[in-house]
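For reference, the structure discussed in these notes is given below.
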Amino acid sequence: MLFSVIRCRPFCTGAVLYANTQISRYARLGHVENARRVFDEMSDKSIISWNSIIAAYFQNKLPQEARSLFDRMPDRNMASWNGMISGYVKNGMTREARRIFDAMPERNVVSWTSMVRGYVQEGVIVEAESLFRQMPEKNVVSWTVMLGGLIQDHRIDDARRLFDGMPVKDVVTWTNMISGYCQGGHLAEARELFDVMPRRNVITWTTMISGYAQNLQVDIARKLFEVMPEKNEISWTAMLTGYTQSGRIKEAVEIFERMPEKSIISCNAMILGLGQSGNVTEARCVFDRMREKDDGTWSAMIKGYERNGLQLEALNMFPLMQRAGIKPNFPSLISVLSVCASLAILAHGRQIHATVVKSQFDLDVFVASALITMYVKCGDLVKARQVFDRCSPKDIVMWNSMITGYAQHGLGEEALQVFHEMCSLGMAADDVTFVGVLSACSYTGKVKEGLELFESMRLNYSVEPTAEHYACIVDLLGRAGHINEAMNLIEKMTIEADAVVWGALLGACRTHKNLELAEVAAKKLLLLEPKNAGPYILLSNIYASKGRWEDVVDLRKVMKARNISKSPGCSWIEVENKVHMFTGGDSVEHAEHGAIVGMLEKLSGLLRAAGYSPDGSFVLHDVDEEQKVHNLGYHSEKLAVAFGLLRVPEGMPIRVMKNLRVCGDCHSVMKLIAKITGREIILRDANRFHHFKGGLCSCRDYW
DNA sequence: CTAGGGTTAG
């Protein structure tokens, strides 16, 4: 007996130790079932084994499992109780953590610190501070956690006071303080600490480098990067994103190629950077070369496609992602929702909404805002409002989404009503809010109200006017026919007028046929946006209408030299969960082309009978000559609407999207089609929404 | 086995 005990003990202890290590390793890899199997097969479970398997469940986001094991374990030590607190905190369950904290027989500094950390994470800094004051003993970790809480709360001066009063500091404390200064853009203070601190490690260096990079001082970041004593993949990634965020993609790629080990995150950052700078093909190369991908990889790629106008590619990636075993989660849902929004594909959007509800992201303000924007862009304001009403508390982004949404649909009253409701609840309006309300006033012709709001924006809300606000007011005045007043406002602006402002003036000139100021605005736009084809064509049309043919020829030469061509007009419609694309003319034939043409002919008969004659004389619309010469009957939006008439069930609105501004002829045709067929047509063009109903359009023929 | 800092994400 004794013999076997002596022989067995060291062996068993070794096995237990080995098994505990196995449990932790499986937990790290996310294989919690394997961890559980090892645990179940252990004949000799120590407290540490129990603690390990509980930690494994928490790490893999299964707090209920962890709890049931905790309740069943035969013996507990301090680490068991503390593990429950930190486990709950990691899973965002501060109240459960607090219950354990209150129930445990005795507490040590770890218990207290974890609990303080829980409140910090929840953003309840007051509670964290109160607990911190009550702590019977504190060590450098507790102080540092509290410091982090103050920094997170943007109380940088309080943080510094705490920092200065700390009895002991270590490298983590210093790094935290530096990070706080960097986040607030106080680079000089950060650097001062960095230079005087006694010891720096790779994380400190990376914090400082990333601080410079995030604040667009990428060259200083690079200097530090070159002299740092050791680098890991995170430091390389910080440098990489510094370049991508400054738009310096070549240097970003250079860093990427030089980095010895490429983590998933660094590849994701590269994909994102390439996507942002328009190199979507290169982004796809990186994507394809990755052996392992995570949700960030997929959402980076999806976003890249979306930002570069390849929405269908973006959309197709979503099911591929799920087939690759990636659950739709926060960033990917946001990306796909914005794809649905930009494509305005309502049925897809609804499906994603269902996924959102299933994954319990629907109460998140970020996701809710994305949902609202999606429904707004799809033209379903009722649904947008439902999401808005259901989500509480609301943040400023949500209020802004709803206000802007109503404004974009020309529902000025509703937009202002939401705005007033927001103010009465004490939510502070910001610059985005005012872009929404001012454009709402503009769309609904509330000149007086708009000007008053513009005044009080600065005086009562202390929001400084940006170029966008000026653009709204220029639009407001211009729309009402006060074009010279609009021009005066531009001349008196305290900041530089940008493309949006001149674009607004141009829009007004277009409607009120003011060729002189249109020429001024278009010339400004050529300077500000040399790649945008619209103003060139418009200016060329103005010259042509005045017989200034030499100017026309010169302009065409400039366009050719700058390699500018107008993107072809295309429209699309979603029918039975499938997106159907149409391009102007008949370059690409739709499978049901015959039926569509038949429908168009039938319509044109009805239109003629209603007294319609085609109108090709919209000089001041930025429609290219070629497009004008083409049969007006074959503009892409007409094809899409014809298809909608064939396939969208009676009683449902026909929702069509177009990448360019709707042309004047199509606009009048749409009104007539809506009247003749009794169908509601919702057309989203590049700028705004048109709800056609019974011979009228919600934009009141101004767009 | 239990507590703190740096990289991607509207």
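A note on names: the letters A, B, ... follow the listed sequences, proteins ahead of strands, and every chain is numbered from 1. Note: hydrogens, waters and symmetry copies are ignored here, and every other heavy atom, side chains too, is used.
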Original post:
How is A/D295 classified with respect to the nucleic acid when contacts are heavy atoms under 4.0 Å: base, sugar-phosphate, or nothing?
Top reply: nothing

Original post:
Touch check for A/V171, heavy atoms < 4.0 angstrom, all strands: base, sugar-phosphate only, or nothing?
Top reply: base

Original post:
Residues in side chain to side chain donor-acceptor pair (under 3.5 Å) with A/Q22, at least two apart?
Top reply: A/R25

Original post:
So what does A/V397 hit on the nucleic acid, given a heavy-atom distance under 4.0 Å: a base, only sugar-phosphate, or nothing?
Top reply: base

Original post:
What is the nucleic acid contact for A/N232, judged by heavy atoms within less than 4.0 Å: base, sugar-phosphate only, or nothing?
Top reply: base

Original post:
Checking all strands, does A/S49 fall into the base, sugar-phosphate, or nothing category for heavy-atom contacts under 4.0 angstrom?
Top reply: nothing

Original post:
Which part of the nucleic acid, if any, lies within contact of A/T204, taking any heavy atom under 4.0 Å across all strands shown: a base, the sugar-phosphate backbone alone, or nothing?
Top reply: base

**OP:** Give me the first and last nucleotide of DNA chain B, going 5' to 3', that has any atom under 4.0 Å from a heavy atom of chain A.
**Re:** B/dC1 to B/dG10

Original post:
Is there a side chain to side chain donor-acceptor pair (under 3.5 Å) between A/D71 and A/S68 once you walk through the steps?
Top reply: CA-CA 5 Å; A/D71 289 341; A/S68 88; over 6 Å; no

Original post:
Considering residues at least two apart in sequence or located in another chain, which fulfil the side chain to side chain donor-acceptor pair (under 3.5 Å) criterion with A/R284?
Top reply: A/D288, A/Y305

**OP:** Could you check whether A/N20 gets within reach of a base, just the sugar-phosphate, or nothing at all, counting any heavy atom under 4.0 Å?
**Re:** nothing

Original post:
With a non-hydrogen cut-off below 4.0 angstrom, is A/Q214 in contact with a base, only sugar-phosphate, or nothing?
Top reply: sugar-phosphate

**OP:** Looking at every strand, decide which applies to A/T207 at a 4.0 Å heavy-atom threshold: base, sugar-phosphate, or nothing.
**Re:** sugar-phosphate

Original post:
Between A/S49 and A/S46, is any side-chain donor less than 3.5 angstrom from a side-chain acceptor?
Top reply: yes

**OP:** Pick base, sugar-phosphate or nothing for A/K231, based on heavy-atom distances below 4.0 Å to the nucleic acid.
**Re:** nothing

**OP:** For A/N139, report the nucleic acid contact type (base, sugar-phosphate, nothing); a contact means any heavy atom under 4.0 Å.
**Re:** base

Subject >> Pi-cation contact, A/W81 with A/R76 (under 6.0 Å, within 45°) >> reply: yes

Original post:
Looking for any heavy atom pair under 4.0 Å, which part of the strands does A/I334 touch: base, sugar-phosphate only, or nothing?
Top reply: sugar-phosphate

Original post:
With a 3.5 Å cut-off and no angle check, do the side chains of A/S266 and A/S263 form a donor-acceptor pair?
Top reply: yes

**OP:** Tell me what A/V145 touches on the nucleic acid: a base, only sugar-phosphate, or nothing, going by heavy atoms under 4.0 Å.
**Re:** sugar-phosphate

**OP:** Taking atom types as modelled, find out whether A/E233 and A/T237 have a side-chain donor-acceptor pair closer than 3.5 angstrom.
**Re:** no

